[in-house]
Amino acid sequence: MNEQETEGAFRFTGGDAYERFMGPWSRAVGDVFLDWLAIPEGRRWLDLGCGTGAFTQLLVERAHPAAVVAIDPAPAQIEHARARPVAQVAYFRVADAEELPFDDASFDVVASALVLNFIPDRTRALAEMRRVVRPGGCVAGYVWDFTGDLSVTRHMTDALRSIEADIAPMPGVKSTRIEALKAMFDATGLIDVDLRTIEVERTYPDFDAYWRIFLENPSPASAFIQRLPKAEYDDLRRAVQSSLPIGVDGSISFAARANAVRGFAPG
């Protein structure tokens, strides 16, 4: 089974749990990403693959847009996002990145936070992103670098790999390479394509907090771990704990790397 064939089944569902797991990481990367984009105030934004609305909230606070539409294919994520204060400013709706329900040139900026590799047909989605952005408008995004050694989930995935866990592979891993992002944007016909890496760090108060937050997040990896027999579960837990950089006070701090890309629609 190839990478494209496995991607359609990989969906995030529980909004609250996903927010606890990925929200702080997403906001940390998003801060740097928005500084890098340096989009002037008063622009029309599309947040593609908004998830729980963490990045949407950030761009409203930081970019001061004239309007924001935020979409995601998962109803649970949109339901969570609509309960956030940002829903008073941004319009959230369920929609598919591969068939955007918007007219041509509807937005000044189309941004995608931590989602491009999860889209089964990235070529089609990028063509749609270019279609709905105005001439001269910006198309941009960032993804975790799953091909490197600084992904958010690396301590868990390394331990699962060591026991040959039978779980769905992370979608679009190869497409998270910075060279792959550039190739995709170039192939879409976007111009002045630029790239950068973003490294951020998060601290968990202790191992129990780290473990709980990971397992609460609805994903193939967490589901697999929770189905393990107790002895195997305990062995895996100890293996993950031993791999983490635990401080003298019990806290855990580590960095993760994202790759970012931006390009512009020909004007």
Side-chain angles (χ1 to χ4, degrees), residues 18-19 21-72 81 84-92 97 107-118 126 129-130 132-148 150-152 175-182 184-186 188 190-203 253-265 267:
Y18 181 79
E19 169 65 15
F21 172 62
M22 190 55 70
W25 287 105
S26 180
R27 285 188 290 273
V29 180
D31 259 329
V32 180
F33 178 70
L34 289 171
D35 283 342
W36 179 57
L37 291 186
I39 302 295
E41 296 182 6
R43 298 302 193 262
R44 298 163 298 160
W45 287 69
L46 173 63
D47 180 4
L48 185 144
C50 64
T52 60
F55 178 73
T56 319
Q57 180 79 52
L58 196 62
L59 78 85
V60 166
E61 295 170 355
R62 296 284 312 282
H64 305 291
V68 180
V69 177
I71 67 165
D72 197 273
R84 301 175 72 115
V86 70
Q88 299 176 25
V89 179
Y91 173 62
F92 291 95
F107 302 96
D108 300 300
V109 188
V110 179
S112 177
L114 303 176
V115 75
L116 283 174
N117 59 295
F118 292 102
L126 281 166
M129 293 165 77
R130 178 184 168 181
V132 302
V133 78
R134 65 167 175 81
C138 180
V139 176
Y142 59 91
V143 293
W144 294 121
D145 184 358
F146 289 110
T147 63
L150 284 181
S151 73
V152 171
S175 69
T176 67
R177 292 183 297 110
I178 203 160
E179 301 87 355
L181 293 172
K182 185 176 191 313
M184 286 191 295
F185 271 54
D186 285 341
T188 305
L190 296 166
I191 61 175
D192 299 327
V193 176
D194 196 11
L195 305 136
R196 70 158 293 171
T197 60
I198 302 172
E199 287 192 17
V200 294
E201 184 175 286
R202 184 181 178 192
T203 297
S253 298
F254 61 90
R257 178 188 297 126
N259 291 326
V261 59
R262 66 184 176 197
F264 298 86

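One-based numbering along the sequence shown. Note that the structure is predicted; figures quoted are calculated from it, not measured.
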Any side-chain heavy atom of Asn259 sitting closer than 4.5 Å to one from Tyr142? no

With Thr147, which residues qualify under side chain to side chain contact (heavy atoms under 4.5 Å, CB included), at least two apart? Asp145, Val173, Thr176, Arg177

CG-CG distance between Leu126 and Leu190, expressed to the nearest 0.5 angstrom: 7.0 Å

Could you grab the distance from atom CZ of Arg130 to atom CZ of Phe264, nearest 0.5 Å is fine? 14.0 Å

Rounded to the nearest 0.5 Å, what's the gap from CZ on Arg84 to SG on Cys50? Could you check? 10.0 Å

Work out which heavy atom in Asn117 is nearest to a heavy atom in Ser175; give both atom names and the distance. CB-OG, 3.6 Å

Please report the C-alpha distance between Val261 and Lys182 in whole Å, then the side-chain angles of each, then the deciding distance to 0.1 Å, and finally whether the side-chain contact (heavy atoms from CB on, under 4.5 Å) criterion is met. CA-CA 7 Å; Val261 59; Lys182 185 176 191 313; 5.5 Å; no

Excluding sequence neighbours, so at least two apart, what forms side chain to side chain contact (heavy atoms under 4.5 Å, CB included) with Phe254? Trp25, Arg154, His155, Tyr204, Tyr210, Leu244, Pro245, Ile252

Residues forming a side chain to side chain contact (heavy atoms under 4.5 Å, CB included) with Ala90, sequence neighbours excluded: Thr56, Val68, Val86, Phe92

So do Trp144 and Val152 actually touch side chain to side chain, heavy atoms under 4.5 Å? yes

Which atom pairs, one a donor and one an acceptor, fall under 3.5 Å between side chains of residues 26-42 and the rest of the protein, sequence neighbours left out?
{"unit_1": "Arg27", "atom_1": "NH1", "unit_2": "Glu19", "atom_2": "OE2", "d": "2.7"}
{"unit_1": "Asp31", "atom_1": "OD1", "unit_2": "Arg62", "atom_2": "NH1", "d": "2.4"}
{"unit_1": "Asp35", "atom_1": "OD1", "unit_2": "Arg62", "atom_2": "NH2", "d": "2.1"}

Residue pairs fulfilling salt bridge (Lys or Arg N to Asp or Glu O under 4.0 Å) with at least one residue in residues 191-200, sequence neighbours excluded: Asp194-Arg262, Glu199-Arg257

Listing request: all salt bridge (Lys or Arg N to Asp or Glu O under 4.0 Å) pairs with a residue in residues 108-118, at least two apart in sequence or in separate chains. Arg44-Asp108, Asp108-Arg134

Does Asp186 reach the side chain of Thr188, with side-chain heavy atoms less than 4.5 Å apart? no

Within the 4.5 Å heavy-atom criterion, are Leu181 and Leu195 side-chain neighbours or not? yes

For Glu61, check salt bridge (charged side-chain N to carboxylate O under 4.0 Å, His left out) against everything at least two apart and list the hits. none

For the student: nearest non-hydrogen atoms of Gly51 and Ala81, plus distance: O-CB, 4.0 Å

With sequence neighbours excluded, residues passing salt bridge (charged side-chain N to carboxylate O under 4.0 Å, His left out) with Arg202: none

Between Phe55 and Ala111, which heavy-atom pair has the shortest distance, and what is it? CE2-CB, 4.0 Å

Check this for me: Glu201, atom CD, are more than 12 non-hydrogen atoms of other residues, nucleotides or ligands nearer than 6.0 Å? yes

Side chain to side chain contact (heavy atoms under 4.5 Å, CB included) partner of Ser112, the single match among Asp47, Leu48, Leu46: Leu48

Can you name the ring-ring contact (aromatic ring centres under 6.0 Å, His included) partners of Phe107, sequence neighbours left out? Phe102

Any side-chain heavy-atom pair from Ile198 and Val200 closer than 4.5 angstrom? yes

